[in-house]
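Have a look at the structure below, then the notes.
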Amino acid sequence: MTAKASALREQGVDIVTLSQGEPDFDTPEAVQQAGIAAIRNGKTRYTPVAGVKPLREAIREKLLRDNGSDYEIDQITVGCGAKQIVFNGLFASLDAGDEVVIPTPCWVSYPDMVLLAGGKPVLVPCPEESGFKLKPEDLEATVTPRTKWLMLNSPNNPTGAVYSRADLAALAEVLRRHSHVHVLSDDIYEKLVYDVPFVTMAEAAPDLIERVLTVNGVSKSSAMTGWRLGYGAGPKDLIKAMNMIEGQTSSHTSSISQYAAIEAIAGNQDHIAEFVSAFRKRRDLVLEQINLAEGLSCRVPDGAFYVFVSCAGVIGKVTATGKVIESDMDFAMYLLGQFGVAVVPGSGFMASPYIRISYAASEDELKRACGRILAACTALSTKREDV
């Protein structure tokens with residue numbers, strides 16, 4: 001949708017893009033300067049596959065400080081974004097037919113990454129009435145002898161759902177009964193929480209830490225999406241295998257990004273509070289407006305920078321051109337084509353009928369977009385007229 005919106009904008013069409021999955025803030029100045037210093041100081045050579053030692057030490061200290069998890073340095077690896085860490089973890093561990101439990105709605109890449117690694121994605125619907133979160137009984141019912149991983153993403157993309165300590169403890173009770181199941185904990189939105197404190201699985205259930213791959217990075221917390229810097233912490237054998245894969249693919253992530261990330265992780269963190277404050281204000285603005293739109297509704301997300309909007313109330317309605325809205329994809333294309341607003345259909349996240357709206361945009365853009373969405377819903381009718 002972002003690509004379609006960009007193409008229309010290049011044609012001169014006025015488009016408000018709310019489909020992006022990245023903060024709209026600049027990388028903090030101190031982090032920028034750390035990257036510049038790395039260039040000027042000749043930190044532009046190959047690095048160890050797992051990442052330079054000062055960065056891994058900074059990550060180790062961060063995990064101990066923020067998450068109460070004590071890792072050795074050879075249990076930590078750095079990759080070209082959290083996405084590569086997730087892929088390497090799956091590729092290093094899955095045999096053909098191994099199952100990976102994925103609660104849905106989920107990030108669009110998870111199922112395909114599992115398939116690419118030879119595994120079988122097992123999608124478990126987590127409905128809105130459950131807070132878009134996996135219930136222990138549903139996990140218990142899904143686990144089989146072939147289950148290798150449970151993938152958890154909290155705060156969640158696309159819903160903004162956050163697993164509490166109690167939520168994770170309940171899931172951990174199930175996992176203790178199935179010692180062959182590991183947890184891939186995607187914590188990339190860790191710092192962007194509003195009403196529920198962040199807790200990761202290795203922290204909530206420290207006795208399971210040898211079965212957990214914790215994935216994180218600097219893209220969301222420090223507005224560094226383009227720097228491509230993610231990291232993982234987990235069992236030594238798994239990290240070693242992941243390093244072998246990275247060594248034969250990307251070799252390592254950018255040396256410049258690595259030195260900038262040291263500052264992002266170990267340096268001043270005041271920008272995070274500023275990010276969260278701005279995002280909270282934008283979230284509340286969007287929620288207020290969207291819940292006024294006829295046919296749309298949205299629960300309050302506890303983290304990330306998305307609202308996941310039910311559009312069930314517009315399914316079956318008819319546009320002014322006579323087209324019936326039959327799916328969330330139809331509704332998203334209607335918003336883009338006739339009202340100039342780019343959102344992402346929920347079907348991409350394995351959940352329909354929903355749309356994901358990113359509020360990583362200025363307040364002025366959000367107000368414009370919400371006004372257009374309200375107008376789009378008002379323009380729909382319940383029956384088809386002759387056109």
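Computed from a predicted structure; not experimentally measured.
Within 6.0 Å of CZ on Arg40 lie no more than 12 heavy atoms contributed by other residues, nucleotides or ligands. For Phe91, the CZ atom is loosely surrounded, since the number of other residues' heavy atoms within 6.0 Å does not exceed 12. For Lys62, the NZ atom sits in a packed shell: over 12 heavy atoms of surrounding residues, nucleotides or ligands are nearer than 6.0 Å.
Lys4 is not listed as a side-chain neighbour of Ile15, based on a closest heavy-atom distance of 4.5 Å or more.
Taking Ile, Leu, Val, Met, Phe, Trp and Tyr as members and joining any whose side-chain heavy atoms lie under 4.5 Å apart, directly or through other members, the hydrophobic cluster of Met201 also contains Val101, Val124, Leu134, Leu139, Val143, Leu150, Leu152, Tyr163, Leu168, Leu171, Val174, Leu175, Val181, Val183, Val199, Leu208, Val212.
Every pair passing side-chain hydrogen bond (donor to acceptor under 3.5 Å, both in side chains) that includes a residue from residues 285-294 is listed here, sequence neighbours excluded: Glu294-Lys317.
Side-chain contact annotation: Glu190 with Asn67, donor-acceptor N/O pair under 3.5 Å present. Inspection of the Gln84 and Ser250 side chains reveals an N or O donor paired with an N or O acceptor under 3.5 Å. For His271 and Ser222, the side-chain atoms include at least one donor-acceptor pair closer than 3.5 Å. Residues Asp186 and Tyr110 bring a donor and an acceptor atom of their side chains to less than 3.5 Å of each other.
Between Arg60 and Glu57, no side-chain nitrogen of the basic residue sits less than 4.0 Å from a carboxylate oxygen of the acidic one, so the salt-bridge criterion is not met. For the pair Asp302 and Lys133, the salt-bridge criterion is not met [side-chain N within less than 4.0 Å of a carboxylate O].
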(request) In sequence, state the C-alpha distance, the side-chain angles, and the governing distance for Phe305 and Tyr189, and then conclude on ring-ring contact (aromatic ring centres under 6.0 Å, His included). (result) CA-CA 9 Å; Phe305 42 72; Tyr189 293 94; 5.5 Å; yes

(request) Report the C-alpha separation of Arg280 and Asp195 in whole Å, then their side-chain angles, then the decisive distance to 0.1 Å, and conclude whether the salt bridge (Lys or Arg N to Asp or Glu O under 4.0 Å) test is met. (result) CA-CA 10 Å; Arg280 181 192 290 271; Asp195 305 307; 3.2 Å; yes

(request) In sequence, state the C-alpha distance, the side-chain angles, and the governing distance for Phe132 and Tyr354, and then conclude on ring-ring contact (aromatic ring centres under 6.0 Å, His included). (result) CA-CA 12 Å; Phe132 295 120; Tyr354 288 88; 5.7 Å; yes

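In terms of the salt bridge (Lys or Arg N to Asp or Glu O under 4.0 Å) criterion, Lys83 has no residue partners (sequence neighbours excluded).
Each of Lys281, Arg282, Arg368, Arg283 was scored for a salt bridge (charged side-chain N to carboxylate O under 4.0 Å, His left out) with Glu363, with one residue passing: Lys281.
Cluster membership check: Phe339 shares its hydrophobic cluster with Val343, using side-chain heavy-atom separations under 4.5 Å among Ile, Leu, Val, Met, Phe, Trp and Tyr.
Annotation: cation-pi pair Arg356/Phe349 absent, no NZ/CZ under 6.0 Å from the ring centroid and within 45° of its normal.
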